[in-house]
2 protein chains.
Amino acid sequence: MLSSDDLLFFGTITASASLADAARQLNVSPPAVTQRLKAIEQRIGVRLIDRSMRGLVLTDEGELVAAEGAAIIDAIERLDDRLERRSTSVRGKLRIAAPYGFGRDYVGPVVGEFARLHPEATVTLELSDHPATLSSDSWDLVIHIGALNTVGRIVTTLAPNHRIACASPSYIAEHPSIIEPDDLQQHRCLALRENNEDVTLWRFTKAKCDPATVRIKPVMATNDGAVMRNWALAGLGVIVRSEWDLAGDIAAGRLVRILPDWQCPDADVVALLGARHGRSRRATVFLELMRASLHPVPWREAGRGT
Amino acid sequence: MLSSDDLLFFGTITASASLADAARQLNVSPPAVTQRLKAIEQRIGVRLIDRSMRGLVLTDEGELVAAEGAAIIDAIERLDDRLERRSTSVRGKLRIAAPYGFGRDYVGPVVGEFARLHPEATVTLELSDHPATLSSDSWDLVIHIGALNTVGRIVTTLAPNHRIACASPSYIAEHPSIIEPDDLQQHRCLALRENNEDVTLWRFTKAKCDPATVRIKPVMATNDGAVMRNWALAGLGVIVRSEWDLAGDIAAGRLVRILPDWQCPDADVVALLGARHGRSRRATVFLELMRASLHPVPWREAGRGT
DNA sequence: TATTCAATTAAGGTTGAAATTAATGCTATC
DNA sequence: GATAGCATTAATTTCAACCTTAATTGAATA
């Protein structure tokens with residue numbers, strides 16, 4: 001009889017380009033995959049995969065096993081989830097994806113705290129350029145900053161986040177002062193080009209004023225937030241970035257906010273819940289911990305205090 | 001994550017009266033069951049069974065696992081079946097139940113032949129008093145002789161089978177001759193009492209005659225065919241039994257057919273196909289073999305020959 | 001009260017599935 | 001032709017799941 005392990009194993013193979021690739025995914029040597037697959041085929045008396053050069057081809061039976069097997073594994077995982085949700089303790093594997101900067105500074109410590117509080121759970125934190133574009137099936141939680149196409153996704157907000165315009169003190173000293181958004185057109189603006197969005201259009205709003213839209217002329221553009229921040233720190237221009245990413249620099253005086261009365265469109269910190277395990281107990285607990293760590297917002301609290 | 005083995009194991013437990021009973025079913029020692037169950041509960045972090053004196057009580061989670069687990073195991077078995085049916089070879093486990101006499105004389109040899117032809121298959125033949133009353137889920141094939149309530153069952157006929165009236169030569173010599181069915185009322189009749197049927201009413205039909213019904217007065221009755229046969233061999237009376245069971249005795253002259261022109265209601269040899277595996281390739285192949293071995297009907301062929 | 005049976009804990013022991021290493025044939029690509 | 005990556009076979013090795021025996025506890029029963 002086929003076991004769930006067999007089905008899991010076969011599922012990994014079908015998701016791979018080759019047996020060698022599957023071996024890498026499974027962290028075993030190639031012969032292990034060949035042997036085990038052969039053993040399964042021998043046991044059920046049917047060839048499942050035609051191995052040819054350049055890629056694997058499932059036989060009809062292989063397709064059957066892949067489809068039915070996936071459904072069976074899915075049923076087991078759902079059962080696991082239902083049990084896990086009834087469990088009093090937090091356990092299981094939690095896989096989190098987050099953007100580089102925010103992930104390192106804010107998610108990492110919370111993961112540590114989570115692991116300390118719940119020793120029976122295991123956590124994986126993967127930092128990535130654009131986590132929101134990752135296949136949601138591989139992750140329980142994907143943390144993301146900014147607007148997002150939420151169609152078909154389950155999203156929860158972790159913390160408010162404003163975007164602000166900044167420049168280094170040296171830049172401000174050496175360039176004309178900025179009173180109105182329109183003044184930016186005379187300045188060296190640095191654009192963060194992500195997801196093919198139109199980043200040369202900066203919007204500002206201010207209480208009791210009409211919104212202002214400025215078409216900037218980016219002197220430099222990058223798709224990496226850290227690079228852009230370094231440019232700003234080096235006094236190369238004005239950037240618009242989220243508070244969370246700049247908090248440290250502003251507190252330390254390395255960057256200075258400009259147009260402090262004007263606000264950019266918000267880019268809240270949100271978490272995308274994976275369809276499968278995103279609503280498990282461990283995920284819920286982690287999100288609570290994450291919210292608690294982001295609230296109160298550190299620098300605002302500091303400003304309010306004293 | 002729960003494995004299919006876990007679910008199979010847990011399913012066996014839920015079908016048992018106690019852990020010790022489950023251990024017997026699984027052919028392992030009691031501690032093995034305790035330990036493995038404990039390991040599973042620990043892994044998923046939920047108690048599944050409340051062990052109390054006198055019987056097991058499933059927790060809510062236990063009910064959940066039992067129900068979902070059964071469905072998952074079922075899905076795997078269906079997948080296995082579909083694969084097995086596509087396989088070119090005959091393999092897997094075949095479980096057959098048959099009545100004692102017929103099973104020993106006719107099914108046993110065919111099972112031997114089957115095992116010889118298909119070394120990759122394993123066969124279990126269990127002989128039982130009344131196999132048709134067994135839970136059909138435990139058997140791939142149940143072989144049965146005689147009329148049967150076929151509601152909700154899948155039945156296929158293996159061989160025709162007439163029932164005939166017999167007595168030993170010594171009995172016939174010492175008692176009045178029997179010309180008409182009604183004459184039986186004066187004879188010592190032996191009844192086979194099975195399944196609470198009314199066995200004291202013997203029916204006979206003859207070409208171009210009205211059916212005859214005789215209410216016999218059984219001098220002895222039993223629920224065991226072999227016992228009744230021995231009584232008849234000992235000259236203790238007249239019996240009505242199926243040809244297959246008496247073929248050897250009649251051929252050897254130990255029993256003599258009476259009322260040869262009259263026929264009793266048929267009691268064909270049929271096979272009940274188990275809902276689950278009864279239509280697997282191995283079952284089909286076995287049935288073919290069984291039919292071939294029962295056809296031509298041995299003694300009729302012998303009679304025809306020469 | 002003595003006995004029996006179920007359940008459990010503790011402490012090894014088995015074994016077989018699945019891994020590894022090493023070596024070979026094969027194809028595609030440089 | 002040389003190189004590199006994939007698939008495979010063969011021969012060991014490893015390791016963890018699972019088992020066993022032995023001993024203890026506790027409840028039910030004769």
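This is a predicted model, so every value here is computed, not measured. Lettering follows sequence order; numbering is per chain, from 1. Values below: every heavy atom of this structure, side chains too, minus hydrogens, waters and symmetry copies.
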**Request:** Name all residues meeting the salt bridge (charged side-chain N to carboxylate O under 4.0 Å, His left out) criterion together with A/Glu63; count only those two or more places apart in sequence or in a different chain, and write none if there are none.
**Result:** none
**Message:** Looking at every heavy atom in both A/Ile96 and A/Ile143, which two are closest together, and how far apart are they?
**Reply:** CG2-CD1, 4.2 Å
**Request:** Return no unless some side-chain N or O of A/Arg24 is found under 4.0 Å from OP1 or OP2 of D/dG5.
**Result:** no
**Prompt:** According to the side-chain hydrogen bond (donor to acceptor under 3.5 Å, both in side chains) rule, which pairs have a member within residues 9-28 of chain A, sequence neighbours left out?
**Reply:** none
**Fill in**
Contacts of A/Phe286 meeting ring pair (Phe, Tyr, Trp, His ring centres under 6.0 Å) (sequence neighbours excluded), chain-then-number -> A/Phe114
**Item:** Sub-4.0 Å heavy-atom contacts from residues 36-46 of chain B onto DNA chain D, ordered by number
**Value:** B/Arg36
**Message:** Nearest whole Å is fine: how far is D/dG5 P from A/Leu19 CG?
**Reply:** 17 Å
**Asked** So, is B/Ser18 near the phosphate of C/dA7, with a side-chain N or O under 4.0 Å from OP1 or OP2?
**Response** yes
**Request:** Starting from C1' on C/dA18, measure out to CD1 on A/Ile13 and report it in whole angstrom.
**Result:** 13 Å
**Prompt:** Do any side-chain nitrogens or oxygens of A/Arg51 fall under 4.0 Å of OP1 or OP2 in D/dC6?
**Reply:** no
**Fill in**
Whole-Å distance, A/Arg47 CZ to D/dA7 P, equals 12 Å
Nucleotides 20-24 of chain D: which of its N/O atoms have a protein N/O under 3.5 Å away?
| unit_1 | atom_1 | unit_2 | atom_2 | d |
| --- | --- | --- | --- | --- |
| D/dT20 | OP2 | B/Ser29 | N | 2.7 |
| D/dT20 | OP2 | B/Ser29 | OG | 2.6 |
| D/dT20 | O4 | B/Gln35 | OE1 | 3.4 |
| D/dT20 | O4 | B/Gln35 | NE2 | 3.4 |

**For atom CG of B/Asp5 and atom C1' of C/dA18, their distance in whole Å** = 15 Å
**Item:** By ring pair (Phe, Tyr, Trp, His ring centres under 6.0 Å) - contacts of A/Phe102 (at least two apart)
**Value:** A/Tyr106, A/Trp244
**Request:** Would you mind telling me which of A/Val110, A/Val111, A/Asp105 makes a side-chain contact (heavy atoms from CB on, under 4.5 Å) with A/Val107?
**Result:** A/Val111
**Asked** Quick check: does any side chain N or O of B/Ser4 sit under 3.5 Å from a backbone N or O of A/Ser4, one acting as donor and the other as acceptor?
**Response** yes
**Asked** Minimum heavy-atom separation for B/Ala271 to B/Leu158, with atom names?
**Response** CB-CD1, 3.9 Å
